[in-house]
Amino acid sequence: MPAYWLMKSEPDECSIDDALAAPNKTVPWTGVRNYQARNFMWKQMQPGDGVLFYHSSCAEPGIYGLAEVVGAPYPDPTQFDPRSKYFDAKSSPEAPRWWLVDVQARRKTAPLLLTQMREDPKLDGLGVLLKGSRLSITPVSEAHWHYITTTLL
DNA sequence: GCCAACGTTGGC
DNA sequence: GCCAACGTTGGC
């Protein structure tokens with residue numbers, strides 16, 4: 001059974017346009033350094049899972065596209081690269097600390113802004129709307145996914 | 001740039 | 001294992 005996720009990306013780093021322009025429209029979801037978000041990618045995501053592609057830390061945060069999980073999780077290579085800002089000296093190839101999945105962009109959508117989502121009672125309980133939520137990857141219920149993808153986008 | 005909320009670190 | 005200090009996220 002497919003699962004659904006909302007994944008935040010800073011558009012300055014990787015926007016939905018960047019993902020669509022990438023080879024095979026696929027980007028490694030690099031740089032996650034939060035255990036809860038890592039565990040979603042490492043232990044729970046399956047190829048074919050649906051992804052709401054969210055732009056964060058920008059002028060108009062919101063959902064800007066649809067994507068899906070492809071392939072199996074593997075260690076984030078940036079954790080081993082001393083020049084990377086995601087380098088983690090406490091990790092090692094023998095015991096990688098940070099795992100990621102590849103995400104393939106499906107299409108860009110009309111923006112569904114955070115402000116709009118907050119006003120929609122049907123989206124009550126959506127992870128990204130919860131008070132103080134900073135988690136960069138949050139599960140999305142099938143009902144929310146269906147509503148967002150068929151009615152709002 | 002501010003700051004609330006949250007996660008992590010490390011001394012004890 | 002507690003918890004204060006610190007760092008980060010991310011909306012505004």
Side-chain angles (χ1 to χ4, degrees), chain A residues 3-22 25-45 49-69 73-141 143-145 147-149 151-153:
Chain A
Y4 307 99
W5 310 91
L6 182 146
M7 300 177 78
K8 295 181 187 174
S9 182
E10 298 186 16
D12 287 348
E13 298 281 329
C14 181
S15 68
I16 183 68
D17 294 308
D18 295 331
L20 283 165
K25 301 182 181 178
T26 299
V27 291
W29 209 261
T30 197
V32 168
R33 294 295 180 266
N34 169 283
Y35 289 102
Q36 212 178 334
R38 177 208 64 176
N39 288 345
F40 287 143
M41 293 198 284
W42 190 17
K43 303 290 192 186
Q44 289 190 236
M45 285 188 180
D49 282 1
V51 173
L52 302 172
F53 199 113
Y54 181 94
H55 288 182
S56 67
S57 296
C58 56
E60 294 191 300
I63 294 165
Y64 283 78
L66 295 173
E68 75 176 53
V69 175
Y74 59 98
D76 183 343
T78 62
Q79 70 193 301
F80 307 126
D81 178 2
R83 293 163 305 173
S84 169
K85 67 173 175 176
Y86 300 120
F87 177 65
D88 184 347
K90 293 179 181 170
S91 186
S92 71
E94 294 72 32
R97 179 177 287 196
W98 305 110
W99 295 71
L100 54 69
V101 295
D102 285 343
V103 172
Q104 183 175 48
R106 302 230 67 82
R107 65 182 176 92
K108 189 172 184 175
T109 64
L112 175 57
L113 301 182
L114 180 61
T115 52
Q116 299 173 263
M117 290 194 277
R118 287 200 188 286
E119 290 169 2
D120 192 334
K122 288 200 174 66
L123 293 179
D124 280 358
L126 188 67
V128 76
L129 304 180
L130 298 179
K131 181 173 170 241
S133 168
R134 299 182 310 166
L135 203 51
S136 64
I137 300 174
T138 45
V140 175
S141 71
H144 280 152
W145 171 269
Y147 175 61
I148 290 169
T149 56
T151 304
L152 300 181
L153 296 182

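So that the names make sense, note that chain A is the first sequence line, chain B the second, and so on, each numbered from 1.
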Can you find a heavy atom in the side chain of A:Y147 that is under 4.5 Å from one in the side chain of A:D120?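 When only atoms from C-beta onward are counted, A:D120 and A:Y147 do touch, with a gap below 4.5 Å.
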Could you check how far [atom1] of [X] sits from [atom2] of [N], rounded to whole Å?
X: A:E119; N: C:dG11; atom1: CD; atom2: C1'; result: 15 Å
X: A:K90; N: B:dT8; atom1: NZ; atom2: P; result: 12 Å
X: A:D88; N: B:dT8; atom1: CG; atom2: P; result: 12 Å
X: A:H55; N: C:dG11; atom1: NE2; atom2: C1'; result: 16 Å
X: A:Q36; N: B:dG7; atom1: CD; atom2: P; result: 7 Å
X: A:Y86; N: C:dG7; atom1: OH; atom2: C1'; result: 16 Å
X: A:I137; N: B:dC6; atom1: CD1; atom2: C1'; result: 17 Å
X: A:R134; N: C:dT8; atom1: CZ; atom2: C1'; result: 6 Å

Closest heavy-atom pair and its distance - A:M7, A:I137: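 For A:M7 versus A:I137, the nearest heavy atoms are CE-CD1, 3.8 Å.
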Give a yes/no answer on whether the side chain of A:K8 brings an N or O atom under 4.0 Å of OP1 or OP2 in C:dT9.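 Indeed not, no polar side-chain atom of A:K8 lies that close.
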Are any of A:Y35's side-chain N or O atoms less than 4.0 Å away from OP1 or OP2 of B:dC6?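 No, A:Y35 has no side-chain N/O under 4.0 Å of OP1/OP2 on B:dC6.
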Nucleotide of C:dG11, B:dA5, B:dG10 approaching A:L114 most closely (side-chain heavy atoms):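 Between C:dG11, B:dA5, B:dG10, the one nearest the side chain of A:L114 would be C:dG11.
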Out of C:dC12, B:dG7, B:dT9, which nucleotide sits closest to the side chain of A:R118?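 That would be C:dC12.
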Measure distances between side-chain N and O atoms of A:R33 and base N and O atoms of C:dT8, and say whether any donor-acceptor pair falls under 3.5 Å.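 Flag unset: no donor-acceptor pair detected.
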So, A:T78 versus A:D81: side-chain donor-acceptor pair below 3.5 Å or not?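 Short answer, no.
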I'd like to know whether the aromatic ring centres of A:W98 and A:Y35 sit less than 6.0 Å apart in this structure.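 Under 6.0 Å, so yes.
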For the side-chain contact (heavy atoms from CB on, under 4.5 Å) test, which of A:V103, A:D76, A:L100 pairs with A:M41?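 Looking at A:V103, A:D76, A:L100, the match for A:M41 under the side-chain contact (heavy atoms from CB on, under 4.5 Å) is A:L100.
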When the nearest nucleotide of DNA chain B is assigned to A:R97 and to A:K131 on a heavy-atom basis, which residue is associated with the more 5' position?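 Of the two residues, A:K131 wins.
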